[in-house]
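For reference, the structure is listed below as structure tokens.
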Protein chains: 2
Amino acid sequence: MADPATLSPLKLALLGLLSQRPRSGYDLLKVFSQTAMGGFSSSPGAIYPALKWLVRAGHIAGAVENRDTLRPRRVYRLIDAGTEALKASLRMPVTRDDVMRNADSVLLRFAFAGEVLGRGEAVRILEAYADEIESYLPELKAQLAALPKSAGPYGWHALKHGIDMYRADTRWARKVANELKEQFTARQARRYASTIQ
Amino acid sequence: MADPATLSPLKLALLGLLSQRPRSGYDLLKVFSQTAMGGFSSSPGAIYPALKWLVRAGHIAGAVENRDTLRPRRVYRLIDAGTEALKASLRMPVTRDDVMRNADSVLLRFAFAGEVLGRGEAVRILEAYADEIESYLPELKAQLAALPKSAGPYGWHALKHGIDMYRADTRWARKVANELKEQFTARQARRYASTIQ
DNA sequence: AGCGTCATGTAATGTGTTACATGATTCG
DNA sequence: CGAATCATGTAACACATTACATGACGCT
């Protein structure tokens with residue numbers, strides 16, 4: 001990580017989940033194994049060490065619950081420095097590299113940015129994502145044109161599908177960004193209307 | 001890799017590219033940096049060691065070109081054991097894990113399977129991919145239903161989009177699989193027609 | 001003389017997976 | 001009483017990224 005504000009996708013996911021509410025390692029494990037977030041990890045072998053790292057980095061704090069009983073659980077919560085780290089990570093620009101290799105992470109960042117930084121920042125991520133894809137699409141189209149269907153029909157189909165999926169991504173991102181903005185202005189309009197009543 | 005037939009995505013990509021024609025490390029590097037296959041690697045730091053590994057594993061052989069000149073290049077070509085390893089890897093079943101984390105690899109396998117194993121195997125991969133997604137979709141829909149839009153609207157949008165993209169994936173896979181099968185039967189029909197003329 | 005491309009590699013580091021290890025509690 | 005789940009972790013390994021290192025060739 002050249003940029004110190006960049007967290008690995010797993011650590012970002014952990015901070016995001018802990019920003020919603022305190023959770024134990026096992027709680028987090030279940031989130032990954034039982035929901036669509038499973039793409040960001042599996043297995044205790046990744047999660048427990050990552051939590052340890054986050055504690056040492058001063059981003060989260062662990063407190064032991066049921067200390068006296070025979071089955072204690074260590075519950076982690078986000079502390080100030082962790083909130084800042086999460087925000088900084090969510091504000092990182094959307095890059096070509098993100099689009100090519102980490103599209104899932106961008107979606108994750110969108111979801112948490114909405115919760116942690118508010119609608120405006122979520123909209124900004126969606127628009128940056130769409131922009132970045134749109135600047136990439138011409139290159140992909142050129143590659144498709146350079147690969148005649150008659151030659152490698154299988155590669156051609158795969159590339160074509162990739163392009164179509166990117167197009168669907170941008171359409172979705174623009175649509176949701178506009179919906180979020182309209183809700184905002186509609187709310188402003190209502191508030192304005194109520195003041196002049 | 002529990003299963004010995006499983007190659008890392010990068011090694012699979014390298015074997016696939018070398019199955020098309022012999023290439024040097026630098027040639028391969030350019031493919032990744034200049035085409036949509038860039039998702040499978042970047043940087044010499046991954047490619048050269050992987051090539052070395054493939055040589056040691058007996059999958060490819062390197063021959064030095066321009067040995068006498070001052071700028072020699074090492075050209076790698078697939079040898080028998082490598083062809084077998086590639087075929088075995090392409091024939092691996094499409095798993096839930098592939099769908100959740102390695103959708104790109106499945107597309108890569110489809111493309112190379114078509115070239116290396118023929119149309120039938122390519123169709124099989126597409127259908128297995130669609131099947132696997134369709135068995136996963138109900139779970140995702142249940143998750144979406146359990147997450148009311150009013151609660152976490154950002155996460156809701158992200159999950160909804162994930163579901164829609166999976167649906168687009170299956171539609172595409174079924175369509176292309178059917179196209180490939182129809183071409184096949186059309187060709188058989190023509191061949192049959194020519195025999196009875 | 002300097003820049004861009006050709007061409008190949010290594011070392012340190014980060015990060016995740018697989019497999020292993022341990023033990024308590026709850027439910028049937 | 002056995003199986004599933006709760007709950008936490010470690011060790012070996014695989015794998016890729018980043019940054020570094022080297023040097024020739026061709027063009028301006």
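Source: prediction; values computed, not measured. Residue numbers begin at 1 in each chain, while the letters A, B, ... track the order of the sequences.
- Residue A:S8 has a polar side-chain atom (N or O) positioned under 4.0 Å from OP1 or OP2 of C:dG16.
- Contact annotation: A:S42 does not reach the phosphate of C:dG16 (side-chain N/O to OP1 or OP2, under 4.0 Å).
- Remark: B:R101 is not in phosphate contact with C:dG16, judged by side-chain N or O atoms under 4.0 Å from OP1 or OP2.
- Mapping A:W53 and B:P44 onto DNA chain C by nearest heavy atom places B:P44 at the nucleotide closer to the 5' end.
- Phosphate contact (OP1/OP2 of C:dA7, side-chain N/O of B:S24, threshold under 4.0 Å): absent.
- The nearest heavy atom of DNA chain C to B:Y76 and to B:Q34 marks one nucleotide each, and the one closer to the 5' end goes with B:Q34.
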List the atom pairs, with distances to 0.1 Å, where a side-chain N or O of residues 76-85 of chain B and a protein N or O form a donor-acceptor pair under 3.5 Å, not counting sequence neighbours.
residue: B:T83; atom: OG1; partner: B:I79; partner atom: O; Å: 3.3

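- Taking the six-membered ring where tryptophan is involved, the planes of B:F110 and A:Y154 are perpendicular, since the angle between them exceeds 60° and thus also 30°.
- For the atom pair CG of B:L28 and CZ of B:F40, the computed distance is 14.0 Å after rounding to the nearest 0.5 Å.
- One axis for each end of the helix from C:dA1-D:dT28 to C:dG28-D:dC1, each built from five base pairs, and the angle between them comes to 30° at 10° resolution.
- In this structure, A:D27 CG and A:R73 CZ are separated by 4.5 Å, a value rounded to the nearest 0.5 Å.
- Residue B:S41 places at least one side-chain N or O under 4.0 Å from the OP1 or OP2 atom of D:dT17.
- Of the listed residues (B:K141, B:R167, B:R174), just one forms a salt bridge (Lys or Arg N to Asp or Glu O under 4.0 Å) with B:E134, and that residue is B:R174.
- Look at A:Y48 and you'll find a side-chain N or O under 4.0 angstrom from OP1 or OP2 of D:dT8.
- Residue B:K52 places at least one side-chain N or O under 4.0 Å from the OP1 or OP2 atom of C:dT10.
- With sequence neighbours left out, B:R171 forms a salt bridge (charged side-chain N to carboxylate O under 4.0 Å, His left out) with no residue at all.
- Contact annotation: B:K11 does not reach the phosphate of D:dA14 (side-chain N/O to OP1 or OP2, under 4.0 Å).
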